[in-house]
Amino acid sequence: MSVTEEAAVGFGRLRRKEDARFIRGQGRFVDDLRLPGMLHGGILRSPVAHARIVSIDVSAALQHPKVHAVITGRELEALGLAWMPTLSADTQAVLATDKVRFQGQEVAFVIADDRYAARDALELIDVEYDVLPAVVNARRALDPDAPVIRDDQEGRTDNHIFDWESGDRAATDAVFARADVVVAQDMLYPRVHPAPMETCGAVADMDAVNGKLTIWCTTQAPHAHRTLYALVARLPEHKIRVISPDIGGGFGNKVGIYPGYVCAVVGSIVTGRPVKWVEDRSENLMSTSFARDYVMHGEIAATRDGTILGVRVDVIADHGAFNSTAQPSKFPAGFFHVFTGSYDLAAAHCAVHGVYSNKAPGGVAYACSFRVTEAVYLVERMVDLLARELDADPAELRLKNLIRPEQFPYQSKTGWVYDSGEYERALRKALEIAGYDELRREQAQKRERGELMGIGLGFFTEAVGAGPRKHMDIVGLGMADAAELRVHPTGKAQLGISCQTQGQGHETTFAQIVSQELGIPSADIEVVHGDTDLTPFGLGTYGSRSTPVSGAAAAVVARNVRDKARLIASAMLEVAPEDLEWEPGRWFVRGDPEQGATIAEIAMATVGSLELPEGVEGTLDSETVYDPPNLTFPFGAYVCVVDVDPGTAVVRVRRFVAVDDCGTRINPMIIEGQVHGGLADGVGMALMELIAFDEDGNCLGGSLMDYLIPTALEVPDWETDFTVTPSPHHPIGAKGVGESATVGSPPTIVNAIVDALKPYDVRHIDMPCTPSRVWEAMEGRAEPP
Ligand code: MCN
Ligand code: CUM
């Protein structure tokens, strides 16, 4: 059976509908858009990390024959647009007026006939900077004598943004006081970048006749963007249309609103023509949302026999020059407080301190589930450090402490209610696939020969599907999502959703959800997304929330249609609705299966002469808003095998076993794709990815020559498997999976590397574990973060 046939209706390994255009090079991305009369924008960026702007002279640029306009912070100030609100209740400069605060910050916007002329004209702009000392180290940013970065904020005398805590400090201190063993470790989750294939960009077109602004743009959240534009520009939503066409990877990079988008809009208003702005690779790496940058101190307490009692964490969170991190408002550290992981602890506490630094703003982006990445890394490294201290097997230690099936729904010590889990089953399955005992024997033999083989374990629980509207919002917008289902007279259907695929295959999987509920073949269901004029309101795609929230909305709206169809079928068949039974695609009379009506017949009846029963208004169409009762908590067990070359300290990931549990699986092939991608991300972060800065704040990772990402050569053949523990509160029992592997794999790989270096008595290595860092660790020269 071919993959396509197997899943003609409902869940299964259906080939991705969108691939027909993508593999033929027929995707339509923002940069493919060409509008009549369209102009091109370019951004002048700061060459230094911290400086006062003395003057900006744009006269020479304006003389350039192909230049139409040059916009600086002064012009924007006059429009009240020099600063824009961020997703974290801070403000961010659109174009700098007073100071530049990170290298690559936006200073001026040139609009020209073409991209090349715009670039040429940027070089004609003369900016005088009065350079100030920069601070790029989060700890140093808190020093009393550190340069104050955000002196635009009245009364500010330091770089401290927030203090946030979760858990019970006194109870945690008490379990630490009675513990037999306490292990502490400083660790850094370094600054990395999502680096999607497609960089960020926008085309803005202000129609001077009808006053409607259309913005084609790389966004993961078109509706949220439109509402923010409406609020800032004080325009009604119906005068703004945000279109997110095909997106060449988002990974969180495309959640926020960037100055370039705003400049394109202003540019179109100023010139009366459509304006395109698309950043290049260096601009993307240097100025758009980074991820992580958490300086963590973790402590774990246990009894001598290996019962984990508590975890205590202190974090300095580097948010860059503007706090534009995306996460639900109540949680300035995102969902970092799932750091108790998959273990049943007596007490836990974390404190997180946010700071400004002279680095690009953004935060959280890159398959993070809102900082779950950092949390999982911390706890999984701590458990391995504890195993080392107790001389225990890390698999045994985990098995002893995992939350047990009968404890679900499990209330964590930091307030989460984990919906469902069968942790031990997943871990045992991963160990079995890996052949754990055999691997340990192989390792022992190799150690005798001086070979360095490491076996790493990782177990993760994520919190995805934000979230219940009463607890979660982003800049005041509650985190619910709508779905709208139209069933045409011929029984074909169209599903409108508010989330936005960036490569996850929503056009396929959302059709499958409706197909599963209504029995209409997936091929006959079109998924509409990415256009605010055509889809209902909702907060979009990030934090693996599409399946948990929009996916639930899609199932619920399809069920509403099914219920309506039942009423209509009862009128058609002249029987009471209660006497009808459902089979995929059809209502039939109980006891008389021949008597029935298919969804297509019912749909056609709604536009025919049938007198519609009470409660049915004309068609089968339906709309719903889904406000999730809780998040979903996917989990997984990972095993990694590495070999370290004792002569060169080069790490090779030889095997990687991933057992994921995302509840009900809609499309196993797409899930495997998501897991493969996330595991590759993990190899990247563990071994090579890093946005580095020098002491003056110069970005050292501004191109793909310096910012390394993994290729097929660095990754092994993934060995994936799964268990299925449905979410009890989700309509189809599905949990999110898009970020799982990126969250779970980095600690697993680092655990494997540290395990390989046991003969050298290495405790910890900060990512990325490059050959030089591994070498230093082997030489005992590793420096603390
Ligand atoms: N799925 C499924 N069964 C489940 C869960 C999910 O079949 N039980 C399918 C979904 O239907 C969807 C895909 O898996 O097609 C991912 O679903 P989900 O876990 O809901 O995640 P989202 O769709 O919300 O995607 C967001 C997530 C995030 S936050 C990042 S970051 C990331 C990721 O997805 N960015 C990606 N994966 C990516 N994959 C690609 N190709 N490109 C990106 O930018
Ligand atoms: Cu945090 S990266 Mo994804 O949530 O778009």
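His529 has its side chain within reach of Thr501: a pair of non-hydrogen atoms, C-beta onward, lies under 4.5 Å apart. Here the side chains of Arg371 and Phe335 are not in contact, with every heavy-atom distance at 4.5 Å or above.
Inspection of the Ser88 and Gln327 side chains reveals an N or O donor paired with an N or O acceptor under 3.5 Å. Counting only N and O atoms by type, the side chains of His68 and Asp113 include a donor and acceptor under 3.5 Å apart. Between His193 and Thr288, the side chains place a donor N or O and an acceptor N or O closer than 3.5 Å (distance only, hydrogens not considered). Between the side chains of Glu462 and Ser740, at least one donor-acceptor pair of N or O atoms lies under 3.5 Å. The closest side-chain donor-acceptor pair between Ser369 and Glu739 falls under 3.5 angstrom. In this model, a donor atom of one side chain and an acceptor atom of the other lie less than 3.5 Å apart for Asp481 and Ser498. For the residue pair Gln220 / Thr541, no side-chain donor-acceptor distance below 3.5 Å is found, with atom types taken as modelled. Under the 3.5 Å distance criterion, with hydrogens and angles disregarded, a donor-acceptor pair is assigned to the side chains of Glu714 and Thr711. Thr632 and His730 form no side-chain donor-acceptor contact under 3.5 Å, judged by distance and modelled atom types alone.
Salt bridge absent: Lys66 and Asp120 never bring a charged side-chain N and a carboxylate O closer than 4.0 Å. Between Lys359 and Asp293, at least one side-chain nitrogen of the basic residue sits less than 4.0 Å from a carboxylate oxygen of the acidic one, meeting the salt-bridge criterion. Salt bridge status for Arg273 with Asp205: absent, with no side-chain N to carboxylate O gap under 4.0 Å. Ion pair Asp533/Lys212 flagged as a salt bridge, since at least one NZ, NE, NH1 or NH2 atom sits closer than 4.0 Å to an Asp/Glu carboxylate oxygen. We find that Glu526 and Arg486 are not joined by a salt bridge, their nearest charged nitrogen and carboxylate oxygen being 4.0 Å or further apart. With salt bridges taken as basic N to acidic carboxylate O contacts below 4.0 Å, one links Asp280 and Arg119.
Using bins of under 30°, 30° to 60° and over 60° for the plane-to-plane angle, the ring pair Trp718/His676 lands in the tilted bin. Under the 30°/60° scheme for interplanar angles, the aromatic rings of His225 and Tyr261 are found to be tilted.
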CA sep, side-chain torsions, deciding dist, call: Arg559, Glu517, salt bridge (Lys or Arg N to Asp or Glu O under 4.0 Å): CA-CA 6 Å; Arg559 285 174 193 177; Glu517 297 298 327; 2.9 Å; yes
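The cationic group of Arg191 lies under 6.0 Å from the six-membered ring centre of Phe290 and within 45° of the ring axis, placing it in a cation-pi geometry. Remark: Arg665 fails to qualify as a cation-pi partner of Phe11 under the 6.0 Å distance and 45° angle criteria applied to the six-membered ring.
Atom-to-atom distance recorded for Met472:CE and Leu477:CG is 15.0 Å, nearest 0.5 angstrom.
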Just list the side-chain donor-acceptor pairs under 3.5 Å for residues 194-202, sequence neighbours left out, or say none.
unit_1: Glu198; atom_1: OE1; unit_2: Gly248; atom_2: N; d: 2.8
unit_1: Glu198; atom_1: OE1; unit_2: Lys254; atom_2: NZ; d: 2.9
unit_1: Thr199; atom_1: OG1; unit_2: Glu279; atom_2: O; d: 2.7

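Between Pro668 and Arg13 the shortest heavy-atom distance is CB-NH1, 3.6 Å. In this structure, Ala741 and Leu679 approach most closely via the heavy-atom pair CB-N, 3.5 Å. Counting all heavy atoms, side chain and backbone alike, Val255 lies closest to Ala326 at CG1-CB, 3.9 Å. The minimum heavy-atom distance between Ala291 and Tyr366, with the atom names listed, is CB-CB, 3.5 Å.
Residue pairs meeting the side chain to side chain donor-acceptor pair (under 3.5 Å) criterion with at least one member in residues 25-34, sequence neighbours excluded: Asp31-Lys276.
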